[in-house]
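Note that this is a predicted model, so its numbers are computed, not measured.
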Amino acid sequence: MVHPDRAKHIKKLILRPNEIISSMYSAWFDAEGQISEDMIKLAPMLTGLETFIWDGVEPPEEMLWVALRKHCPRLCYIGSTVGGLPLMEDSELFNFSDLKGFSLVVNCRTRLFLNHDSVHKFPDALWNMLLYRCSDLQELTLGGERTTYYSPLFDIRPIVRGRWPKLHTLIFGHTLMQDSSPTTLDWDDMAQEESTKEFSRFISCHPLLKKLHIPYDARFPSLEILNSDVVITEFSGTHFYLSYVLPFSRLTTLRLCSERLQTWRLVDLLPCLRTLHSLSILELWIDMSHRVRASTLRGLTPEKNAAVLETNHIRVFRPLLTACDTLLHLKLVCTTKRKFAFRMKDFWKAIEKGPRLRSLEVQKVYTFNEEKMARSALQIARRVPTLQAITLVYADQHWSGLTPIRIKQKGVYDVCTVSENNFLRLTAEESGKAAQIEIPGPVMTSSSLTRSQISPLSITFLGTASAQPSSTRNHSSLALHLGRDVWLFDCGEATQHQIQKSAVKMGRIEKIFITHTHGVTLLPGCNLHVGVQETIFLVLFRYWQAVSMVLEVLLMVRKIRDLKSIWSNQLVLYVSLISEMLTYTETKPIEIYGPLGTRAYIRNGMTYTHTLLGSPYVVHELRMPSDPQTGDHTSLTRLSCELPSGRNISQVDDVWKDIFKDGIVSVSAAPIHHSVPCVGYVVTEAPVPGKIDPKLYIPDLKRTNTPMSAMRRLQQGESVELSDGTVLQGPPRRKGRKVVILGDTFDPSPIIPLAMDADLLVHEATNAHLPGIDPATKDTDTYESVEARAKSRGHSTPQMAGAFAKRVNARRLILNHFSARYSGAETQEAVEIMNAIGKLAAQEFGREVECAKDLMSSEVK
């Protein structure tokens, strides 16, 4: 064993001991058995393990569960698989207690190894464990996907007896919740009504439930949760359940890829989509292979009749994809047969006037008259300028949900924009071959600009809690999207998990801005307020060291020369963000800005955790007048991965002006008052081209035979001299956008000179006095006493934030950094409290105020 002492730091382990390949079953079983034995030997070293998921074809050796239960006291999430043999009633898997997460799925895809009874039952021991010994269960997955016609169907009706107050994720596989007898189709109304009541009562008893998956081919009754506090935000399954989910939820994610949607189903889906005002992720499976004859349509309205008879894909897609104006990410799987399929080059017509998409994925059957895939991607990118990523997949032939797709060609395109309507290039990877496609038009190279024009400019709140996180709010952190680039402002503990849940791409993070180092510590996993240590591991390291550590410990004496060739392809280890680790090759340094002590903290963390980096970073410190203006302020020497170009930036006129600046954006900072030294940041966009009226210029250009390319110079505000001596002057440039992001503060007045006329102000509102609304409000409290207490701790109230926003003439104000007593849940009580907090700030601001919640995104216009 190379580094046995490091095994205790592993918290999450997802192990797939076998790829499902064409080989003898005995070979699979022998390989998995050997890995089980190795894991049993490793278990005593995994004292910090919290999550273990076995993702094999067959379940592991029984003694593995015994070893994990004995040696891993922190283990709270268990996952395993169902093999070809029935589950044992006395399995050690069912002897765990106090689990927070549990999953039991089927991976075996071959008919030979499955028990073919019509319905399978889980052992009573499983239900005893879940129902009586796991009262704090938060995530539950039962039954795998139906991957073949022979996938087993599991009866999970005992689940309706479960009551788990903290349950937020519920995923059902190929399961049933109703009578499975041969007379199911003739099921009497009374039995159906009773099943509906039981299932609806079960769902209604879990107010924190956010993620629900009910597959299309499962046998489930309908839902009636009219009087429930349940608010589903992520739903996947069949559109039949939307009518039960939508009225009571704020769906942000909708996946309908387990059900083949045909035209007569799309007619009913469209009105539902129009009611989803918070939807940001949509996945659809559409198949228009079946043509309907007019003679078969009876009893339909003329509108539905016309929709059902429609055979043009684009006309079908357009209303669906434009129904949700908040949509950011779209995945469309179209399995229409080749002779009826659409051409990819026409797809832009369906989304041109749709939402401001950031990513698009389309899977379809290849047609013989398709043009080059890259050309189709270019057409889409030109018509939808907000797109940052496009993925296109062509299949060799028609496929269904139970037959795998045979990929003919796949293209992944990274869209790099120069301005809102002009593209510099698409960086593409097609069928494994890298390509770079130059865009026809004005000649520009990547060196023409230091960065892409900022379009769009938006902000994503990764964490909105103050010192103590909660189940609905993570520690403070937010991401600023500048076109395709991402800057992080503060990075509290578990920000990496929030990034995985959001649209933020790890590889696009290029700068980190720290407001203050209050409460930080070098102990990993502690309650960090501003997780500088996690920030470095998150963005710089890409967990390269963690990967090698896990592999060395797991494989013990086995040597690994290539991360992509592991144990003769018999072991695939999934660790968080492993794809980022394997693909990360960028050498551009990460820039970190923060107050005095940031550089010392990072060096301490790197030194005492023995971290080796494969990529450089640089730290710039903002020095207060009372701070030493030179030196590193630490006895530790600079590490090899830390570039020597880090600056110590002194104040000029009480602010730090232009600590970063290029031709597109600049960043300035100023001290703000808190209980410890703290910084606020101001991000300012450079002046942008003014609005041009072509009618004022084109006549003169035509009269003098001047090329129309002169319009580009005029658009940039330049002057153009014509052949007859006339000088045309372009419109003056407009003021760029300004975003002000404050750290913890009770008085941010020193930043006022920089913050005036901000387009967006992000201000903390830790405490509020909410008599009659917040049940935790003390009878002895007043608005004045709450404000005084907040100030004494270095924080603000909503009224203080509203008053400052008015003082700097901000256009918009978003509050964040809330006390742990203010939940970010969608329950009626939590929503009323947050609305009241917003109104307190609005009374002082004079405009509407938004209260941030985790993973909320907002565009700066």
Where do [X] and [Y] come nearest, in terms of heavy atoms and distance?
| X | Y | answer |
| --- | --- | --- |
| Asp155 | Trp127 | O-CZ2, 4.2 Å |
| Cys134 | Leu99 | SG-N, 3.6 Å |
| Ala825 | Ser823 | N-OG, 3.0 Å |
| Trp54 | Ser36 | CH2-OG, 3.3 Å |

> Got a sec, which residues hit ring-ring contact (aromatic ring centres under 6.0 Å, His included) with Tyr77, two or more places apart in sequence or on another chain?
Replying inline: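 None.
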
> Can you check whether Lys197 reaches Phe202 side chain to side chain, under 4.5 Å on heavy atoms?
Replying inline: no

Spacing of [atom1] belonging to [X] relative to [atom2] belonging to [Y], to within rounding of 0.5 Å:
| X | Y | atom1 | atom2 | answer |
| --- | --- | --- | --- | --- |
| Ile232 | Thr252 | CD1 | OG1 | 11.0 Å |
| Leu42 | Asp38 | CG | CG | 8.5 Å |
| Glu198 | Arg157 | CD | CZ | 9.0 Å |
| Gln498 | Thr464 | CD | OG1 | 8.5 Å |
| Glu139 | Leu167 | CD | CG | 9.0 Å |
| Phe102 | Ser80 | CZ | OG | 7.0 Å |

> Aromatic rings Phe122 and Phe154: how do their planes relate, parallel, tilted or perpendicular, breaks at 30° and 60°?
Replying inline: parallel

Any donor and acceptor pair, going by atom type alone, linking the side chain of [X] with main-chain N or O of [Y] inside 3.5 Å?
| X | Y | answer |
| --- | --- | --- |
| His475 | Thr495 | no |
| Ser470 | Arg473 | yes |
| Arg133 | Phe94 | yes |

> Salt bridge between Arg255 and Glu234, side-chain N to carboxylate O under 4.0 Å?
Replying inline: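 So Arg255 pairs with Glu234 through a salt bridge.
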
> With the threshold set at 4.0 Å, does a side-chain nitrogen-carboxylate oxygen contact exist between Lys853 and Glu826?
Replying inline: yes

>> On the six-membered ring of Phe96, is Arg69 placed so that its NZ or CZ lies under 6.0 angstrom from the centre and within 45° of the ring axis?
In response: yes

>> My understanding is that only residues two or more places apart in sequence, or in another chain, count here; which of them pass side-chain contact (heavy atoms from CB on, under 4.5 Å) with Thr335?
In response: Trp285, Asp287, Val333, His398, Trp399

